[in-house]
Each structure stands twice: as C-alpha cells, then as structure tokens.
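Worksheet: one structure, shown below.
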Amino acid sequence: MSTELPPELPPELPKAYDPKAVEPQANAVWTEEKLFHAEPTDPGEPYAIVIPPPNVTAALHLGHALNNTLQDILTRWRRMAGDNAVWMPGTDHAGIATQTVVEKRVLAEEGKRRTEFQRDEFVAKIQTWKDEYERRITEQLKAMGCSCDWDRQAFTMDEPRARAVREAFFQLFKDGLIYRGKRLVNWDPATQTALADDEVEMEEIDGHFYYLRYPLEHAAEINRDGSYLFSYVTVATTRPETMLGDTAIAINPRDPRAAALRGKKVRLPIVNRVIPIIEDDYVVLPDPKSDDPKAQFATGFLKVTPAHDPNDYEIGLRHKLPLINVLAPDGTISDQYGWPKDDVEAGGAEEFLGLDRFEARKAVVEWFKQNNLLENVKPYRHSVGHSYRSHVPIEPYLSDQWYCKVTDDRLAGAALRAIAREQSDSATPSPRRGEGGGEGQGALEEKRSFDSTTRSPLSPTLSPAGRGSKDWEGQLKFFPARYAKTFQSWHENIRDWCISRQLWWGHRIPVWSGSPNEVADTVEAQLNRWASEGKADYQKKPFVHQGDDSGWAARDARGNLLEWFVAVAPGNTGVEQWLEKNGFTQDPDVLDTWFSSGLWPMSTLGWPERTAALEKWNPTHTLCTAREIITLWVGRMVMFNLYFLDRLPFTDVSIHPMVQDGEGRKMSKSLGNGVDPLDIISSHGADAMRFTLAHMTTQTQDVRMPVERDPKSGKNTSPKFDIGRNFCNKVWNAVRFGIMNLSDEATKRRSDEGVDESKWSLADRWIVSRFNRTVAAANEALSNYRFDQYAKTCYDFFWSDLCDWYLEAIKPAMRDEKRAGQTAHVLAAVLDGSLRLMHPMIPFITETIFWKLNEVRPKRGLPGRLECPPSKRLIQAAWPKVGEFAEAAESIFPKLQEVVGAIRNLRNEYKVDPKKSVTVTIIAPAEAARQITENREAVELLGVCVLKQVGPDAKAPAKASRATAAGAEIYVEGLVDEAGEGARLAKRRDEVVKSIGAMEGRVANAAYVAKAPPHLVKQTLDQLAELKAELLKLETALAKLG
RNA sequence: GGGCGGUUAGCUCAGUUGGCUAGAGCAUCUCGUUUACACCGAGAGGGUCAGGGGUUCGAGUCCCUUACCGCCCACCA
C-alpha cells in the first residue's frame, strides 16, 4: 500500500496555478492507493450516496457536473469526518432515449431502419454505443475528481442489476401487483412505443375546430308542436379523422334538446354506422359568451371515440360503448386492429385505409365538404401531447400493456407515510449515525445555531431511518423542503404505472405467454408445482380489464381469454426452456427504464442478495438530484425500497437547481448553448469548475450561466468560471507564500520552540478564531445542503481574512526571529486547516499542496485551538474540529481593520503613492488607544503609515485630513488640499446629519422606545450620541478650514 | 384551470426567526507592478429591493393584490 508519489512538485512552486500539472497527479495517487474504495467492514458510521445514473445516450453536460460536484463534496466531507463513506457510481441504459439516438445514427450512417435488423443485431449496435458513452462518462467523472468507488461501478442492465430486476418483477407479480391491462396509452407512432404520462410533453399548437354534421337516422322533433325537425346534429372536433371510430354521440342531459333526442340515433357519415345519442354530464353546454373556450366552441354534441380519446374512453366505460380502433401502430388508418371489415365496407371507407393520421384528417374533412356536411372550420390554439423523444403528437392508443399497481397502499401509500411531517417549510437534516455530542465536528456551533432556532437539535440517539419495523415513517426529508409537496401530490394522485415499453433496448419482460389447449391440465399442474417452489407464477385472465368494466372490456374482437401469462423467477432457465418447448413465447416488450433505476439503491448494493454492503449502506444517506425527476425516479425508489426491504432508500433528498444559459433557456445541443465540463476543466481546471458550481448552488429552482464562445478554442464557456479559477490561484499563492516562510531555510532563522499561545499576536489569535468560526459555518452549511454558503464561507475566510489581512499582518513577525516561531506555528496550522476545509470542494489543488506542506513542515497543529492530525493524504485527513473561539481578538481586530480602512481611504482620496508612508495621529479613548498602540506595527504596515501620536490627549495636527473609524479620530498629515478636504468633511457632515435625523425620529417615537427590544433602543441611543459628537468635531474642523 | 419558483447594483446572485447606513463576485472608474498572487493589491461610483395596498415602533424579509419571467401537474370535443 505504500506507493510512492508520482513526480513531485518542483521545490519552487510556479507563480501561477496550473491545474494541468496537478490534477492527473492527484488522481493517479487516489486511484493507485484505492482511496475511493470502501468496504462494509471499514470503521465509521455508514454513509452512502448512489449516483443518479447518467444516461448512456450522451456525454455529461454541465448539469451533471453540478450534480456530481455536490455528491463528491458530500462524500469527501463525510469520508474526512470519519464515516465509512461510499459513493456508488453507474450509468443508466435509458431505454427509449438510447434506442432513439442509435436509430437516428444508424439511419443517417447506414440508411437503414431498426426494423431492417434482427433484434439481437440491433441491440448489439446499441450495446456498442453504450460501451462508448459509459467509457466517456466515466472519464469525465474521473477528470472532475469524483471520488466514486469505481470497484462498484454498475450499469442498469448489467448482470447483477438484471437479476435484481427479475427478482423485483417476480415478487410484484406473485403479490398481484403486476397485471396486464388493455388501456389507452400514450402511443408514439414514430418510435412505436407506449410512453408514460411523464414522458409526454404538452405543446401549444395552432389547430382547428371542425364542425361536422352527422345526419340523424330519423329526423327528430325539437318542439312539441312539431314545427321544427332535426335532420342532423353538429359535432365540433379537432380530430376529425377519428370519427371513423365513433361509437356514440353524447349530449348533456341538461341540454334543452336532450329530451327530443332521447333514444335517437345518428348515421355516421363515411362508414354508415348507426350509433346512439347518449346523455353524459361530461359534455359542455354551448355558450358563446362563456370565458371557457370550450363552451364558446361547443355545439353541445360530442362525438364519442372510445378507442382514440381518453375522455371518450371513460364515457365509453360508463355507457358500455364498443371500442373501434381505426389506427395501426404507425398512425395510419387501418382495418387490421379492431375495425371490423364489414363495418369498413358498409359505407365505403376503404379509400381511407393506409392514410397517415394527418392525411386522413384532410381527407375526412374534404369528404364532409364534398357532401355538404362540413358546417364550419374555426382556428383553435390548444395544447397537444408530444413525445418527449420523437416530438410527434401522441396518439391515445388502445393496446395491451403491463401495469404495476402502484396505487396499492403498500407502494404509493407507504411512500406518502415516509414524508417527514414538518416538511411544510423547514427541515432538519438527518443525523449521521454516531454524530453529535461534544466529540462531533462542529458540535459547538451547530448546537448554538440549532438551539437558537426552531429546529430540533441533532439527536445522536435517533436510530437511522428504516431499519426494521416502521421507523422509516416520517423520515424522508427534502432540501429545500418545498419539494416534499411535489413528491406528496404526485403520490396522492398517482395512477397505475404502465411498465411495458415496445422497445428492444431494456430488460425484457420475464413473462412467457401461451394458450395451452388440450394439455392445459398438465401444464397447469406443472406451473402449480413451480409456483409452490417459488420458481414461477402465472395469471390466467390476462385480458380482463381491472375494475368494474371487465365484462365490457373482455368483449375483445379476438376474445382470447385463455391466454396464460407465466412470470419466471430469476435463475430458472430450465423453466423458461420448458415453457418455450411447450409453445409459450417470451413477451417481446421491455420494462420501462425507471423500473430498473427505481431499484438502484438496492441493486447497486447487491440486492436481492443480502450482502454485507446492502446491510451496511442501505438506507443510503443522501440522494442528490434535480427536481425534474422527483416523481419519475425518487418516488419509485422510495416505493420499491420500502416494498422490498421495508426501509427507505435514503433519508435526505437534496434537490439542486437546474443550470440554464444566460437567457434562462435550458442548455441543449439544438440551441448550441451547452457547455462541456471537459472544456471547462481544460480552460479553467476541475477545481475551478467545481468551486464555481458549488458557489452557485443556491436554493432557487434555476441558476443562469451566461454562455460565451471562447474565440481561441471555439468552445462554449462562461465567465462565471473565472471566480473559481481566480480563487484556486489565490489558494495556490497563499500556500506558496506559506511554504516559503515555513521551509527549512526559514526555520533556521528562528528559535525552535513549542506552541505558546501567550506569545501570539492579536492577528494570530484572531485568525485562529476566525478559522474555527469558518469550520462551524461550513458544517452548518453542508449539513443543510447549502453548498453556496459552504463555498462562500470558505472563500471569504481564505481570501479576505487570511490573505488580505492575516498574511499581510504577519510579514514583519515572520522576519523577526523572536516572533517568527510562534507565527509559523499559527500559519502552518491555519493553512493546513484551510486545505482540509476546502478539500471536498477543490480536491486536486488542496491535495497536492497538502503533500508539499507535509514535506516542508510535517508537524503542524495548535493543541485545543486547531488540531492537525498528520495524514499522508489529504483525502484521508481528519475533518477540522471546531476549536475554541477568541472573543476578545474577534472584537478588537475588526476595529483595527476599520482604522486601517480609514487611513487607506484618505490615502486613496488624496492619491498618495501607495509606497509612500504618511504620518498619522489618532485621538481615541484610552482603551482603544492602547489596543492600537499594542498593534501599531500591523496598523502601520497595513495602512502604510507612521503613527505619530495615539491617545485620548493627542493633538490634532494642523493641515491634516480627517476621518473617524471605530470611535477614533484619525488625522493624516500632509494632505493639504483644503478645498477637497472641506468638501469631504461637508459630505460626511451631511451623512451624519441625515443619520442623526433618522435616529432622533426613531427615539422620539414613544412606541419605538416602548416596544422595540431594549438592546436595540440602547444601541440607537449610543449611536446617536456618537454621531452627535462626531458632528460637533466635524463642524469645528470645517470652521477651522474657514 | 391547479400548484410552485423568480423579479434586489450594468450582469450573475446572497440577504438565516422582521431590527445597525441592503451585501458579494464580475463589469466600470481612480491609483499601484511593494520580495505569495496582475488569475493581484488599495480605493471609488452604482440599488425607490417589479408595481400597489396592508400588518408593525420598524418590512427586501410577513399578509393581500397586480404585472412580467419560468417550471410542474391537469386538459387534446
């Protein structure tokens, strides 16, 4: 295991950070030493994340980069914190999507359609595509530094996952939760597959309302006196071509014409079918003045086409209407799928056969026109479901499909019970097992913040959700909490899930069907034997529609009620062979992609085997994903995991924003606004990309990333990544500075002594305390999945506190051998701690310079304040603990910063050469004066000045410009522009007067004094006094200027 | 139609239970290449917190309402 480092960094670090020189090296070490790998037997509390498996349709985009950055941050954080952390990687076969891209490519490159190949042959082509993209995706994740346990990489269609799918299907089948249904499905005629409701996208299109006249079989009276006779009814439709399948006309029973038409029939044009007029509340009454566009357009008569419209289907169920399907699966008019031949021929509808649905629409309208039955055509804009894959309009199509009865209480009901109660507006992060108490990292600050809010404290004793019994109830939490509602309402309104897809790429449905005849008894006896052995299970009434319409639905033209469906448990190839020998054939369809991904938190850990990994890491801890698949994916994982294992798949769901371009559009290939993570890694570095992505991961639902084309490379990029690159460069150079000062050579110049806090400067105490605050804030941010706050708190600490102030302040001390020893202790520890703190976010640069720090100064750490337990690799190093704070230093140092700020401000206003020192006099109360004097070196250095006089009795010099800061008067001598000084003082005076006015108003308000918290009132009064004092001095100064 | 986000500086975004003069990065302007860093340093300017109303001593923050942008669900007569 003691592999040595690949090429070391040069002794002298280059001035600019070059990610290309660092990233491959760190990655090589992590891989070589297997530092991403975890075993269930490893020490630490279990912490697992399963990757949302990217589709193998294409390489990863920026959204993936964001998603995986966050997961890696969590994984590395928990790993450093001592958890037994594992991140399970893998990819998804993405049935429809992948098959579609390969079909398109094959058509483009070979000019062949899928149907021109054998199934095996075509699946092999898809497999090749999958291999290519799985490889590329894996490379991308590795380039990003994702610390996935690559030994556990999975694919939704590989052997272990296939076994899980077979097992899950079989169990559900056996438990009566899978059934064959004849239903109207969302049919995509282009790809010829059924789509889930979620896969249908609504698009607004400009269509027409066609008003068609259907002659009555016998003219009807409308008035009692018989003065007016109906000879026809007019229906309004957007889909005239489906009239060939009409089986009724519906009218609202409240319609005044209903009575006259009761029991009447119409003769359907073209086909001459005689169909009844029925009454149904669903029909909208016509009303030209209504706000409802439907009422405006309606005629009061609705053509009912149960086989081609979901609502008509429902009406058909209510009125037991026949179903006549007039379309073929490719969307052409056909008499082969349920339209009786004699019916076609009766009216001479043959001429429409073979027409595409859109051609048929024109032809039907033309026919009505020719026969004077077209009453009107009006333009109508409405939304139409389109396939999310092929983008053609969806056809509601009657077909045989497999369904999973997710409406069962054991599935959707259980998922609903899993949602945390208080998810209405806030959530408490799940405790990590074993965390908490005084030992836990960040305990101090976390307790504080939790105590001061309405949140319940992290409870170290609460058992992990979902181990046995029903302790998973109410344990599923969403971040941000509002997404719990999305999850909830979906499950409340859930419909049974159509799990079969007419595809070749996917898990073939493990059901064999056949129609045993003379040997039925023998077959049944055999099947019953297998059923009792748990090897197979069967259903005998497959065509029976679920529900009270069974009698009606069973009246299928083919009436093949004896078909048997046999589900075979995994690993029983003998049974499968026997079935095939006896005339059974396997279902040609495959399972919906989400069926296998729904098992992901189980299947990646070895289920259905009760592996050690499964028992250790399932439930996993956090699922990190985008909101678009809360229902499609998260919901199904929850249902499956609860059903099969009686525990949650995860306790926390962290939903991150979607990345859009600068105009708020989705990034997509067709728009050309996508950004390739590898391009950013190449131009800015992986750490820079990760930092930027984490930094922009706020709680909103979308984040915008202005996209530009880099003129040099011609690739898309975004200026937003500069922030990450600049920050990495800053980190690099700060450590470079540190290393220069901590090297052997530097060490020789100073006394070798142990850490002695009593010798620390104010800046030392301040920066250590600030570091500890930062650790606490980072813990808080990460615990709440506030990646933006984590990034920002690190950024502010490192850049502002550490670089801008501390590193500048200690420069004199580092040159003074008496003091350099203590300062070096502090500097080394703070740098070390910072690297630990930021490693999850920017792993490459921190890991690499950590090695350098180890080389230059192996022993680091400030006992009790900032511990740095040694580690060869940063990825394995201990996460910082929150040490003690130094309240005094934290209150004094900012005052010095204010004083320095005031001096700098004056210097800048008078355009003093930055190198030139100025002379400063400060009039301040005794205590403040003492603090300034004690730290005069820092003030002088940072303000580039010499402090001439500091004290309550210091004399304001003549010809000096003046400012106030932290209650002190500051005079910079030699800045003589009197007119400018007068203007400046006047400006300040105006500000002060304005503030005084505001505060006096507040104080004069009796209600304010009575009702506002006392400390605020006191604060206002103090400030008022201060401002008044300042005003007095300002006026004196102005008077002097004349 | 139902639900949910968003609207804060030129741009991208923070702003935690209402409480100091509303912040950051980028961009702009001024000064500066001081031995960690010009992927830098010091400083400046820039906001009626979308509009209107309400609650409150006090509203960017809470409530109502309007407008616009976006997402999800439902709906193809």
Side-chain angles (χ1 to χ4, degrees), chain A residues 13 15-17 197-198 202 205 207 209-210 235-239 250 282-284 292 294 297-299 301-305 309-312 382-385 393-394 396 449 452-454 482-483 485-486 489-490 493 627-628 630-631 658 660 662 664 684 688 695-696 698-706 718-720 722-723 725-741 780 784 786 788-789 792 795-796 803-804 807-808 811 901 904-905 907-909 911-915 944 991 994-995 998-999 1002 1005-1013 1015-1016 1019-1020 1023:
Chain A
L13 298 179
K15 275 174 90 165
Y17 172 55
D197 291 344
D198 315 274
M202 303 312 292
I205 60 152
F209 254 120
Y210 299 92
V235 297
T237 179
T238 55
R239 298 214 45 202
Y282 175 76
V283 182
V284 174
D292 177 7
K294 261 186 197 165
F297 283 94
T299 64
F301 296 101
L302 176 68
K303 65 190 270 303
V304 184
T305 323
D309 181 282
N311 293 308
D312 293 6
H382 60 145
S383 57
V384 175
I394 288 300
S449 87
S452 63
T453 67
T454 53
R482 67 184 124 93
Y483 291 113
K485 284 184 204 155
T486 308
S489 63
W490 187 72
N493 301 307
R627 68 180 189 284
E628 57 183 349
I630 290 173
T631 54
M658 316 248 305
Q660 300 176 332
H684 290 72
H695 190 262
M696 63 195 285
T698 58
Q699 302 240 285
T700 53
Q701 60 180 15
D702 303 305
V703 286
R704 291 186 182 192
M705 161 127 352
S718 172
K720 292 210 81 169
D722 292 350
I723 186 179
R725 184 199 53 194
N726 295 353
F727 184 59
C728 289
N729 193 249
K730 193 72 179 174
V731 171
W732 180 261
N733 277 290
V735 176
R736 208 162 71 90
F737 168 82
I739 284 168
M740 283 174 174
N741 284 283
E780 170 83 11
N784 289 291
R786 291 301 308 266
D788 58 327
Q789 290 180 348
K792 186 154 194 313
Y795 182 95
D796 288 345
C803 294
D804 290 347
L807 295 189
E808 295 304 325
K811 280 177 180 173
R904 284 173 171 177
N905 186 313
R907 296 179 53 103
N908 262 293
E909 291 217 9
K911 307 261 188 291
V912 178
D913 182 333
K915 277 174 291 190
V944 194
E991 282 172 12
K994 199 178 154 199
S995 297
M999 285 187 189
R1002 205 182 300 168
N1005 184 341
Y1008 172 72
V1009 179
K1011 293 188 182 175
H1015 73 275
L1016 282 173
Q1019 191 181 311
T1020 308
Q1023 278 175 350

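Taking atom P in both B:U48 and B:U33, one finds a spacing of 37 Å when rounded to whole Å. Here the separation of B:U35 from B:U17, taken at their C1' atoms, is 50 Å to the nearest Å. Using atom P as the reference point in both B:G32 and B:A50, the two lie 40 Å apart (nearest Å). Distance check on atom C1': B:C62 versus B:G45 gives 34 Å, rounded to whole Å. Atom name C1', nucleotides B:G70 and B:G47: the rounded distance is 24 Å, in whole Å. The gap from the P atom of B:U28 to that of B:G53 amounts to 39 Å, rounded to the nearest Å. Here the separation of B:U56 from B:U61, taken at their C1' atoms, is 13 Å to the nearest Å. Spacing between B:G19 and B:C13 at atom C1', rounded to whole Å, works out to 24 Å.
At the heavy-atom level, A:V703 lies under 4.0 Å from the strands shown only through sugar-phosphate atoms. Base contact: A:Y282 has a heavy atom under 4.0 Å from a base atom. At the heavy-atom level, A:V384 lies under 4.0 Å from base atoms of the strands shown. As judged by a 4.0 angstrom heavy-atom cut-off over every strand, A:E909 is placed among residues making no nucleic acid contact. Using a 4.0 Å heavy-atom cutoff across all strands shown, A:D804 reaches sugar-phosphate atoms only and no base atom.
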Footprint string (nucleotides 20-33 of chain B, 5' to 3'): B base within contact, S backbone only, - free, heavy atoms under 4.0 Å: BS---S----SSSS
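No donor-acceptor distance shorter than 3.5 angstrom exists from the side chain of A:R736 to the backbone of A:V731, with no hydrogens or angles considered. Proximity of a side-chain donor or acceptor of A:N733 to a complementary backbone N or O of A:N729 within less than 3.5 Å is detected. With A:R1002 contributing its side chain and A:T1020 its backbone, the two residues share no donor-acceptor pair below 3.5 Å. Although no hydrogens or angles enter the test, the distance criterion places no donor-acceptor pair under 3.5 Å between the side chain of A:T237 and the main chain of A:Y210. In terms of modelled atom types and a separation under 3.5 Å, the side chain of A:D309 and the main chain of A:V304 share no donor-acceptor contact. Panel note: side chain A:R907, backbone A:V944; a donor-acceptor pair is recorded below 3.5 Å.
Along RNA chain B, the nucleotide nearest to A:H1015 and the one nearest to A:D788 differ in position, and the one closer to the 5' end is contacted by A:D788.
We find that CZ of A:R736 is positioned 14 Å from P of B:C39, with the value rounded to whole Å. Atoms CZ (A:R704) and P (B:C71) sit 11 Å apart, rounded to a whole Å. Atom P of nucleotide B:G6 and atom OH of A:Y483 are separated by 9 Å, given to the nearest angstrom. Between the P atom of B:A38 and the CH2 atom of A:W732 lies a distance of 14 Å, rounded to the nearest Å. Rounded to an integer number of Å, the gap from CG of A:D702 to C1' of B:U12 is 14 Å. One atom, OH of A:Y1008, and another, C1' of B:G18, lie 13 Å apart when rounded to the nearest Å. The CD-P distance, from A:Q660 to B:C71, rounds to 8 Å in whole Å. Going from atom CG of A:L1016 over to atom P of B:A59 covers 14 Å, rounded to whole Å.
Here A:T700 reaches the OP1 or OP2 of B:A14: one of its side-chain N or O atoms lies under 4.0 Å away. Between B:A42 and A:N905, no contact under 4.0 Å exists linking OP1 or OP2 to a side-chain N or O. Under 4.0 angstrom from either OP1 or OP2 of B:G15 there lies at least one side-chain N or O belonging to A:R786.
Residues A:E780 and A:R786 fail the side-chain proximity criterion, which asks for heavy atoms closer than 4.5 Å. Counting only heavy atoms from C-beta outward, the side chains of A:P393 and A:R239 never approach each other to under 4.5 Å. Residues A:D702 and A:R627 have side chains in contact (heavy-atom distance under 4.5 Å, counting atoms from C-beta outward).
Base-pair partner of B:U61: not found among the strands shown (Watson-Crick or G-U wobble, both distances under 3.5 Å). Base pairing of B:U17: no nucleotide in any strand meets the Watson-Crick or G-U wobble criterion (both distances under 3.5 Å). In this structure, B:G25 and B:C11 make a Watson-Crick or G-U wobble pair, each of the two defining distances being under 3.5 angstrom. Applying the Watson-Crick and G-U wobble criteria (two distances, each under 3.5 Å), B:U55 pairs with nothing in any strand. Applying the Watson-Crick and G-U wobble criteria (two distances, each under 3.5 Å), B:G1 pairs with B:C73. Nucleotide B:C40 has B:G32 as its partner under the Watson-Crick or G-U criteria, with both atom distances under 3.5 Å.
Distances were taken from every side-chain heavy atom of A:K15 (C-beta onward) to each of B:C37, B:U12, B:C39; the shortest belongs to B:C37. Minimum atom distance to the side chain of A:P1013 is reached by B:G19, of the listed B:A36, B:G19, B:A14. Nearest to the side chain of A:R482, among B:C37, B:C4, B:A42, sits B:C4. Closest to the A:C803 side chain, of the nucleotides B:A42, B:A36, B:C13, is B:A36.
Side-chain atoms of A:Q699 stay outside donor-acceptor range of the base of B:A14, with no qualifying N/O pair under 3.5 Å.
For the pair A:D796 and A:K792, the salt-bridge criterion is met [side-chain N within less than 4.0 Å of a carboxylate O].
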